[in-house]
Each structure stands twice: as C-alpha cells, then as structure tokens.
Colleague: 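After the structure tokens below, expect a handful of questions from me.
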Amino acid sequence: MNLEQLAEKELRKDEEEQRILSGESSASVLAPLPGGPPLDLNHPFYDVARHGIVQVAGDDNYGRKLVIFSCCRMPPSHQLNHRKLLEYLKYTLDKYVESDYILVYFHFGLRSSNKPSLSWLQNAYKEFDRKYKKNLKALYVVHPTNFIRVLWNIFKPLISHKFGKKVIYVNYLSELREHLNCDQIVIPSEVIRYDEKLRASQKGGPPRPARPPPPRPPLPQQQFGVSLQYLRDKGNGDLIPLVMRQTVLFLKQKALKTEGLFRRSANIQVIKEIQKQYNLGKPIKFEEYGDENIPAVILKTFLRELPQPLLTSQIYDQVQSIGTVESSLRVTRCKQIIQSLPEHNYIIVKYLICFLHMVSQESIFNKMNPSNLACVFGVNLIWPCKGPATLHALPPINMFTELLIEYYSQVFSARILPNEVLP
C-alpha cells in the first residue's frame, strides 16, 4: 500500500470516527452559515464564499490577522470547484499577506466526499509561494488525525524546515485558547460539538481547563484592559490616554515615513513586558528598543484591549450600513455618525484619526494610504457586542474607517469641544 492509498484509508477511518462522535448521518447537511454569505451575489467568488469555508476574524493580541479555514463548511466535491476555492483563498490572503498573519485550520469535517485531490494539495502548496509564506507566523491545525500525519509524510519532501516549524498541532479547543483569544475566532458550531464529544470520549477525559479566576481589580496605574473613564479618573483628568499619547508622539516624530508602519508585528515577549511596565506605572522609552514596530503594535494592542470599542458598539449597525449610502453622501453620513459619539470618545477618536491622516499623507514613503490603514485599524476601533466581526462585516468597517482617515477635515470640522487635544 503506497502513501496515497494509506492516506485515503486513514481519511475513511477519520470520517467514521468523526461521524460517530458528532452523531451525524453519512448524508449530513451543512448548517447554514451564520450571518449570511460574505460577498455580493454578483461577485465572481460568491459561489465559493457563500459556504463560509474561509473567514477572516480580526486580529490576535499582537496585531496579526487571523484567517480561518473550516473543513466542515466544504460541500461535496461535485458542488465545489476546488480550483476556484484555491483562487478565493489567495484572493482573501492577498489583502493581508503584506502584514504578519496566522492561519487556523479546523480539520473536522474533511471527508472522502469533500476532500480535494492530493494533486490539488500539491499544486496549492506550490502556488502559495514566498509572498504568502514569509509573513505567516503560525499555522494551527486543530483536531489533527492520522490522515494529517500521513499527508505530512507525503508532502515532507516539498515542505521547507522553516515552514514546518510554523505548524502547530492542537488536539482540543482548550489548547487553542492557550495560544489565541478564541473570542476573536468564528468557530463553527459543528467543531465545538465535536470537540466536546471528543473530550468526553477520552478515557477519563483530558484534564478540564482550569476555571478562570475571578477578575482582579485593576492596578492603580493600569493602562491596558480598563475603561476610558478609569484612565481619565486615574490620569488627573487627561483626555488622551497615556499609552496613546506616548505612542502617537513617538511615531509622529520618528516613524511617519517607515515603510509598512502598523503592518508588522513585534517581538511578543517585548510587547508583554512593555504592557506590564505600563500597568505598573513605570516610564517607557521607546527609543531604547530600536524598533519602530513596537510602539505601533502597542497602540493597536491598547485599542483592542479596551473593554468597549473606541467607536462604541452603539454605532456598529450604522457603520455596517455605510455601504448602502450613496457614495456622494457617505462622508456626510460618517460625519453624522461620529457626531453622535460621547464627548470623551469623540475627542480620542479625533486625536487618533488626525494622526492616522498624517501617516496617510506620507504614503509615498510608508505605503500606508487610508485604505491600508483602515484594514489595520478598522477591527480595532469597533466590533459587535457579542462575538468577533465576521468576514462579511469587515468591508463596511474598513470603508467607514477609510472615510474617516481620508476625509478627516470634513468629518471632524463641525464639532469643536473644549480642552480638545490634537497630535
């Protein structure tokens, strides 16, 4: 028996085990994708995108985009053009591969009826050239099986040692949570149910994840993960939070022309240490780190860890509908939406967008035009009340953010507040 036949045999065994554990019949039907399809009916990739196989789920804690591939969303092979699936995956990744990103692969649901051919997998690996691999920081394979291990042996001659080090096997969702904030990930309900039954089926069961300790009160000087009001009260009434003020000041003075500003990640341990120092009230001197990406990541991290989004969840639905507004009226609509923000939020948003507008004006050097900045900052400025923003929610968020940055002067011209601060 050759490796290809062995892979097919292992897949059929996996399929039977998954079917038994999940309680599905052999002719189970995909559940409808929550939130509807991510693309317009007339989009050339609609027939692939409507299944929800590929999702983009915001950023991880260090500003790296999370791209999700869910096998359980793949219909039978005769209903899906696998070549077009590959093109759609590349189309999706093309928006993010210039920055650091992470892939999460949910293996559950891959069956002999919906799996691509081995030749397709081989061609896919070859087509994902250095452009896609260089900024991939990790590939998480969730619920790996013997089929995955056999497949790895088949492709091992093609896979570079450097790429192989990026592959991380994750047996349970609880293990994935040790690496990523799963609140940022759209995990299919089928995968969650399978994980629960897989855990229960283990002899004695794997150790239950420890119950999270009750939330501790914030430190007196804490800067991350606390509300804007807390920061204002502890900061002698300063309207602009310390982290934002210091990162913006440094970047404005030292990094406006840095190519790819905000699109690169930084050393995770350094970021954690700076957060710790900030929370302890220790002074931070970014000059000492010699990396302009560090304050850029710190700024994004600060925004992402706010208990409530800076743009507030109250305007989320209005932001989502921006694409339905006639293009000539969108700036006016953005202005109306922004005017409705609470005063403190408005001042901070204006401060931040003013700075991002400055960054965009140097795009000939830094390559960060309003559209690129919006892709980076949109999901850090607003998110829904429950769960992460789904793939089809990102375009209106990015459009709204891009309009704020590009038309900063028009959007923020009408509302002048006392004690306003600009970068």
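Below, all heavy atoms of this structure are taken into account, side chains as well, without hydrogens, waters or symmetry copies. The model shown is predicted, which means the values in this text are computed figures rather than measured ones.
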Colleague: Could you tell me which non-hydrogen atom of Ser77 sits nearest to which non-hydrogen atom of His82, and how far apart they are?
Modeller: OG-CE1, 3.3 Å

Colleague: Could you check whether atom NZ of Lys276 has more than 12 heavy atoms from other residues, nucleotides or ligands sitting under 6.0 Å from it?
Modeller: no

Colleague: Decide yes or no for Ile148 and Tyr105: does some side-chain heavy atom of the first lie under 4.5 Å from some side-chain heavy atom of the second?
Modeller: yes

Colleague: At what distance, to the nearest 0.5 angstrom, does CE of Met368 lie from OG of Ser371?
Modeller: 9.5 Å

Colleague: Which of these passes side-chain contact (heavy atoms from CB on, under 4.5 Å) with Val48: Asn81, Leu85, Val54?
Modeller: Leu85

Colleague: Determine whether more than 12 heavy atoms belonging to other residues, nucleotides or ligands lie under 6.0 Å from atom CG of Leu329.
Modeller: yes

Colleague: Can you give me the closest heavy-atom contact between Tyr230 and Gln222, atom names plus distance?
Modeller: CE2-O, 4.1 Å

Colleague: Among side-chain atoms of Arg232 and Gln229, is any donor-acceptor pair under 3.5 angstrom?
Modeller: no

Colleague: Flag the pair Gln55 / Arg73 as yes when at least one side-chain heavy-atom distance between them is below 4.5 Å, and no otherwise.
Modeller: no

Colleague: Given 3.5 Å as the limit, does a donor-acceptor pair link the side chain of Ser321 with the main chain of Thr324, or not?
Modeller: no

Colleague: How about Tyr88 and His51: does a side-chain donor come under 3.5 Å of a side-chain acceptor?
Modeller: no

Colleague: Is the backbone of Val142 close enough, under 3.5 Å, to the side chain of His107 for a donor and an acceptor to pair up by distance?
Modeller: no

Colleague: CD of Glu196 to CD1 of Ile192: how many Å apart, nearest 0.5 Å?
Modeller: 7.0 Å

Colleague: What distance do Leu394 atom CG and Gln320 atom CD have between them, rounded to the nearest 0.5 Å?
Modeller: 8.5 Å

Colleague: Quick check: are there more than 12 heavy atoms from other residues, nucleotides or ligands sitting under 6.0 Å from NZ of Lys254?
Modeller: no

Colleague: Taking all atoms of both residues into account, what is the closest heavy-atom pair of Leu306 and Trp383, and its distance?
Modeller: O-CZ2, 3.6 Å

Colleague: Which atoms form the tightest heavy-atom contact between Val325 and Arg330, and what is the distance?
Modeller: O-NE, 2.9 Å

Colleague: Would you check if Pro218 and Asn279 make a side-chain contact, meaning some heavy-atom pair closer than 4.5 Å?
Modeller: no

Colleague: Do the side chains of Leu403 and Val331 get nearer than 4.5 Å, heavy atoms only?
Modeller: yes

Colleague: Does a side-chain heavy-atom distance below 4.5 Å link Thr145 with Leu110?
Modeller: no

Colleague: With the side chain counted from C-beta on, respond yes when Tyr408 and Lys350 share a heavy-atom pair under 4.5 Å apart, and no when they do not.
Modeller: yes

Colleague: Determine, step by step, whether Glu259 and Asn366 satisfy the side-chain contact (heavy atoms from CB on, under 4.5 Å) criterion, reporting the C-alpha distance in whole Å, the side-chain angles of both residues, the deciding distance to 0.1 Å, and the verdict.
Modeller: CA-CA 4 Å; Glu259 185 171 338; Asn366 60 37; 5.5 Å; no

Colleague: Can you tell me if Lys133 uses its side chain to pair, donor with acceptor, with the backbone of Phe128 under 3.5 Å?
Modeller: yes

Colleague: Throw together a table of side-chain donor-acceptor distances under 3.5 angstrom for residues 372-381, partners on residues two or more places apart or in other chains.
Modeller:
from: Asn372; atom 1: ND2; to: Lys367; atom 2: O; distance (Å): 2.8
from: Asn372; atom 1: ND2; to: Asn369; atom 2: OD1; distance (Å): 3.4
from: Asn380; atom 1: OD1; to: Arg304; atom 2: NH1; distance (Å): 2.9
from: Asn380; atom 1: ND2; to: Val376; atom 2: O; distance (Å): 3.0

Colleague: Classify the angle between the aromatic ring planes of Phe302 and Phe224 as parallel (below 30°), tilted (30 to 60°) or perpendicular (above 60°).
Modeller: perpendicular

Colleague: Of Gln246, Gln221, Glu273, which is the lone residue that meets side-chain hydrogen bond (donor to acceptor under 3.5 Å, both in side chains) with Tyr278?
Modeller: Gln246

Colleague: Assign the ring pair Tyr194 / His143 to parallel, tilted or perpendicular, where the plane angle (0 to 90°) is split at 30° and 60°.
Modeller: perpendicular

Colleague: Set out, in order, the CA-CA distance, both residues' side-chain angles and the distance that settles side-chain contact (heavy atoms from CB on, under 4.5 Å) for Glu127 and Glu87, then state yes or no.
Modeller: CA-CA 10 Å; Glu127 288 198 30; Glu87 293 300 324; 4.0 Å; yes

Colleague: Compare every heavy atom of Asp195 with every heavy atom of Tyr172, then report the nearest pair and how far apart it is.
Modeller: CA-OD1, 3.3 Å

Colleague: Name the one of Thr312, Ile315, Leu311 that satisfies side-chain contact (heavy atoms from CB on, under 4.5 Å) with Asn345?
Modeller: Thr312

Colleague: With a 4.5 Å limit on heavy-atom distance, are the side chains of Phe69 and Val67 in contact?
Modeller: no

Colleague: Quick one: pull up CD in Glu292 and OG1 in Thr258 and give me the separation to the nearest 0.5 Å.
Modeller: 3.5 Å

Colleague: Which atom pair, heavy atoms only, marks the closest approach of Asn171 to Pro144?
Modeller: OD1-CG, 3.8 Å

Colleague: If you count heavy atoms of other groups shown closer than 6.0 angstrom to CZ of Phe355, is the number above 12?
Modeller: yes

Colleague: So Phe163 and Leu139, do their side chains get closer than 4.5 Å, heavy atoms only?
Modeller: yes

Colleague: Would Val97 and Lys134 count as a side-chain contact (heavy atoms from CB on, under 4.5 Å) here? Give the steps.
Modeller: CA-CA 8 Å; Val97 293; Lys134 67 175 182 177; over 6 Å; no

Colleague: Taking the side chain from Lys300 and the backbone from Phe262, do they hold a donor-acceptor pair closer than 3.5 Å?
Modeller: yes

Colleague: Just how far is it from atom CZ of Phe365 to atom CG of Leu256, taken to the nearest 0.5 Å?
Modeller: 11.0 Å

Colleague: Would Gln308 and Gln314 count as a side-chain contact (heavy atoms from CB on, under 4.5 Å) if you check the C-alpha gap in whole Å, the side-chain angles of each, and the deciding distance to 0.1 Å?
Modeller: CA-CA 10 Å; Gln308 298 297 324; Gln314 284 67 37; 5.9 Å; no

Colleague: When rounded to the nearest 0.5 angstrom, what distance separates CD in Glu175 from OH in Tyr169?
Modeller: 14.0 Å

Colleague: Quick check: does any side chain N or O of Lys166 sit under 3.5 Å from a backbone N or O of Ile102, one acting as donor and the other as acceptor?
Modeller: no

